[in-house]
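Counting starts at 1 for both ligands and their atoms, following the listed order.
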Amino acid sequence: MAETASFLVSSNPSPTLPQNITTIRTIAESPGLTSIPSAYTFTPTPHDQVVSETQISLPVIDYSLLTSGTPHQRSKIVHDLGKACQDWGFFLMINHGVPESLVRSMIDGCRGFFDLPEEEKEEYRGKHVLDPIRCGTSFNASVEKVFFWKDFLKILSHPVFHSPSKPAGFSETSLGYSKRAREAARELLKGISESLGLDPNYIEKALNLEQGLQVIAANFYPPCPQPELAMGMPSHSDHGLLTFLIHNGISGLQVQHKGKWVNINGIPNSILVNIGDHLEILSNGKYRSVLHRAMVNNKATRISIAIAHGPSLDTVVSPAPELLEIEKKAAAYIGIKYKEYLEIHQSNKLDEKCNLDRLRI
Ligand code: OGA
Ligand code: NI
């Protein structure tokens, strides 16, 4: 699944960000821009197969059946959830109870942050990967050979809630959204525990979700004059257990399924959910974190917000001994403290599943 890089790095030896540029927004808005700087140029691989979501049926999980279905409906949805995790590592969650207006305000709030004058974002720029509020451009410009066509804002929202003070109202909105998302993630993880044949509260307890880390990662992809040469985000998997993704309706996300890239828009008002590396470790590879990437376009700004739900920072995550017992299997991954993994994941290059691959036994 992870053998071939989807995009080959161009031969540009060691680019630096064009002088004085701290955001892709500034480059994208420069007057008369018709081509992209060479530091952003990737070479597409000719072998990529991309299919549209209409050609393939994505798993859909009705969240309301987990919380208020009959016992029969619940056991069916737990089964479907397990199947979605095993076959795809990705699904669309519907009837999740997060109000559409809250999702919209969250996206508007993030757009408001990216639109702030550069000097107002300065205090959050760069610094350490585990800083509670951090914004920047590309993914990790200090280690990348070619930069990605995006700006980001990362906020730790649990166990301690943080928020930039601007734009007005953003703090209330993101607190509301992060609470609702966390509630849904914990409920899904109960169903996922059950689908693995474990007690519903297994993941909650084993990974100390009460103190679980929640990271909001907002992505800003402005229009790009040569979208076929640039990348928003390369093929990667996420850290943590489950990531929820919402976006402003502009397409760009592709998920890998059976060797093909599937364009994903979702269905209106659904939340896109994908499995992260730590659920792969805990389930001993039964459920795999899914590879996904973000493409850019030349027409409209795309904004997406990924919210990752993880264990508590000091939890050592390893394959669940109870599961190894049930499945009569040996552990296929070395245990690692979540904090340690996160630091590696965030300070490394974003490259397929390179961090997780190091833990395989
Ligand atoms: C991410 C991510 C995809 C997107 O932030 O981890 O995969 O569509 N985002 O922006
Ligand atoms: Ni991701």
Side-chain angles (χ1 to χ4, degrees), residues 1-2 6-7 24-25 50 53 58 88-92 103 106-107 110-111 113-114 129 134-140 144 147-157 174 177-178 181 185 213-224 227 230-257 261-266 270-280 288-297 300-310 341-342 344-356:
M1 178 159 151
S6 318
F7 274 72
I24 196 64
R25 179 172 160 266
V50 178
E53 146 182 20
L58 303 175
W88 276 80
F90 169 86
F91 55 89
L92 306 179
V103 169
M106 189 65 192
I107 290 167
C110 288
R111 179 189 291 270
F113 180 86
F114 291 114
V129 293
R134 184 166 67 97
C135 68
T137 192
S138 196
F139 177 75
N140 193 358
E144 285 152 358
F147 305 122
F148 304 112
W149 197 265
K150 81 155 187 173
D151 293 330
F152 68 83
L153 167 65
K154 289 187 185 169
I155 304 169
L156 305 188
S157 50
S174 59
Y177 180 66
S178 66
L213 189 78
Q214 189 187 43
V215 187
I216 299 175
N219 304 303
F220 178 88
Y221 309 99
C224 171
M231 274 307 279
M233 249 184 145
S235 172
H236 70 282
S237 61
D238 295 339
H239 65 83
L241 299 163
L242 293 177
T243 305
F244 287 8
L245 192 89
I246 53 174
H247 59 84
N248 66 341
I250 304 297
S251 51
L253 175 70
Q254 294 182 341
V255 165
Q256 200 179 77
H257 181 63
W261 288 104
V262 185
N263 277 317
I264 308 277
N265 288 309
S270 63
I271 293 181
L272 315 178
V273 182
N274 69 260
I275 288 187
D277 296 341
H278 292 83
L279 194 49
E280 174 164 336
R288 293 185 178 250
S289 59
V290 69
L291 285 173
H292 54 287
R293 64 185 187 184
M295 314 307 275
V296 293
N297 74 81
T301 295
R302 172 158 192 269
I303 293 176
S304 70
I305 303 167
I307 185 159
H309 302 92
Y341 190 87
L342 196 61
I344 297 169
H345 187 278
Q346 297 287 297
S347 50
N348 228 338
K349 271 194 282 194
L350 202 55
D351 181 15
E352 306 254 318
K353 292 171 86 162
C354 66
N355 303 306
L356 188 60

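- With ligand atoms numbered from 1 in the order given, ligand 1 contributes 1 (C), 5 (O) to contacts under 4.0 Å with heavy atoms of Ala306.
- Shown in contact with Leu253 at under 4.0 Å from a heavy atom are these atoms of ligand 1, numbered in order with element: 3 (C), 8 (O).
- Taking a 4.0 Å cut-off on heavy atoms, Arg293 fails to register as neighbouring ligand 1.
- Although no hydrogens or angles enter the test, the distance criterion places no donor-acceptor pair under 3.5 Å between the side chain of Ser235 and the main chain of Glu352.
- Protein heavy atom closest to atom 5 (O) of ligand 1, with residue, atom name and distance, is Asn219 ND2, 3.0 Å.
- For Arg302, the closest heavy-atom approach to ligand 1 falls below 4.0 Å.
- Summarising the geometry, atom CZ belonging to Arg25 is positioned 9.5 Å from atom OG1 belonging to Thr301; distances are rounded to the nearest 0.5 Å.
- Between Tyr341 and His278, the angle of the ring planes goes over 60°, which puts this pair in the perpendicular group of the 30/60° scheme.
- Of the residues listed (Leu245, Asn274, Val215, Ile275), the one engaging Asp238 in a side-chain contact (heavy atoms from CB on, under 4.5 Å) is Asn274, and it is the only one.
- Take the N/O/S atoms of Asp238: the one nearest the Ni ion (ligand 2) is OD1.
- Aromatic rings from His236 and Phe139 are positioned such that their centres are separated by 6.0 Å or more.
- Between the side chain of Gln256 and the main chain of Leu291, no donor-acceptor pair closer than 3.5 Å is present.
- The atom of His236 that is an N, O or S and sits closest to the Ni ion (ligand 2) is NE2.
- Of all atoms in ligand 1, numbered sequentially from 1 with element shown, those under 4.0 Å from a heavy atom of Tyr221 are 4 (C), 10 (O).
- In this structure a side-chain-to-backbone donor-acceptor pair under 3.5 Å is missing from Gln254 to Val50.
- Nearest protein heavy-atom contact of atom 2 (C) of ligand 1 is Met233 SD, 3.3 Å.
- No part of His247 comes within 4.0 Å of ligand 1, judged by heavy-atom distances.
- Those atoms of ligand 1 that come under 4.0 Å of a heavy atom in Leu245, given as number and element, are 8 (O), 9 (N).
- Judged by distance alone, with hydrogens and angles left aside, the side-chain atoms of Thr137 form a donor-acceptor pair with the main-chain N or O of Lys150 at under 3.5 Å.
- Looking at Asp238 against ligand 1, only its side chain comes within 4.0 Å, counting heavy atoms.
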